[in-house]
Amino acid sequence: ELQWNLSPWRLGIAYVQRAVRILQEPGYQELRRVVVRRFDADIPMDLLISFSNCFEPFSSSGRKLQFGEIELPVDTIAEVLNESLEANAIVVLRFVSELDLT
């Protein structure tokens, strides 16, 4: 499985824009997993949505997003909430099956 490990870097706007462009190129369809760890706080929501749309988390054959050591999607928000908020990784919440905040 071919993976792209972006976890050593804090991803800012330019990094995320470039990642979206690369992930949408036909020549990079073989990338099956992208690993991320931290994002800058000022990334626009529409850019984060474009980034998350590059993945097929609920498909067994689609491209996956991995947040640090956590393979997405996850069943409950408790599995990723603290880590994702600390890392400004609100995009991770799009890969949670159940958002029960009670």
Side-chain angles (χ1 to χ4, degrees):
E1 176 177 275
L2 187 58
Q3 104 174 356
W4 187 14
N5 187 359
L6 299 174
S7 66
W9 299 280
R10 177 181 296 272
L11 303 180
I13 293 172
Y15 277 106
V16 176
Q17 287 172 330
R18 178 144 174 80
V20 169
R21 281 195 304 273
I22 289 170
L23 293 170
Q24 291 174 342
E25 289 183 17
Y28 290 92
Q29 294 304 316
E30 68 274 4
L31 276 174
R32 303 315 312 151
R33 178 179 311 277
V34 177
V35 183
V36 297
R37 188 69 183 131
R38 292 175 300 278
F39 292 85
D40 282 346
D42 62 347
I43 298 176
M45 186 58 66
D46 62 328
L47 181 55
L48 288 174
I49 290 170
S50 293
F51 179 71
S52 70
N53 287 340
C54 294
F55 304 94
E56 300 171 40
F58 299 100
S59 164
S60 60
S61 62
R63 180 183 290 150
K64 304 293 184 198
L65 179 64
Q66 182 171 322
F67 176 62
E69 300 299 318
I70 302 168
E71 191 169 316
L72 301 173
V74 293
D75 291 329
T76 65
I77 194 167
E79 298 174 57
V80 294
L81 184 60
N82 289 338
E83 295 88 355
S84 63
L85 292 178
E86 289 172 8
N88 295 313
I90 191 88
V91 68
V92 170
L93 299 181
R94 291 197 75 191
F95 301 95
V96 176
S97 297
E98 192 173 311
L99 285 173
D100 183 6
L101 298 174
T102 58

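Values reported hereafter were calculated over all heavy atoms of this structure, with side chains retained and with hydrogens, waters and symmetry mates removed.
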Arg10 to Phe39 six-membered ring, cation-pi geometry met (6.0 Å, 45°): no
Linked, directly or transitively: Leu6 and Val16 (ILVMFWY side chains, under 4.5 Å): yes
Spatial distance of atom CE (Met45) from atom OG (Ser52) [nearest 0.5 Å]: 9.5 Å
ring-ring contact (aromatic ring centres under 6.0 Å, His included) partners of Tyr15, counting only residues at least two apart: none
side-chain contact (heavy atoms from CB on, under 4.5 Å) partners for Glu56, two or more places apart: Ser59
Distance, nearest 0.5 Å, that separates CG of Leu2 from CZ of Arg33: 11.0 Å
Heavy-atom side-chain contact between Ile22 and Trp4 under 4.5 Å: yes
Flag if over 12 foreign heavy atoms under 6.0 Å of CZ, Arg32: yes
Gln29 (side chain) donor-acceptor with Leu31 (main chain) under 3.5 angstrom: no
NZ-CD distance between Lys64 and Glu1, expressed to the nearest 0.5 angstrom: 9.5 Å
Non-hydrogen atoms of Glu71 and Val74 that approach each other most closely: O-CG1, 3.7 Å
Side-chain heavy-atom pair Leu65, Phe51 within 4.5 angstrom cut-off: yes
Reported CG-to-CG distance for the pair Leu48 and Leu11, which is rounded to 0.5 angstrom: 10.0 Å
Check: Cys54 main-chain N/O paired with Arg63 side-chain donor or acceptor under 3.5 Å: yes
Full working for side chain to side chain contact (heavy atoms under 4.5 Å, CB included) between Phe67 and Val91: CA-CA 10 Å; Phe67 176 62; Val91 68; over 6 Å; no
Results of side-chain contact (heavy atoms from CB on, under 4.5 Å) for Ile13 - residues two or more places apart only: Gln17, Asp42, Ile43, Pro44, Leu47
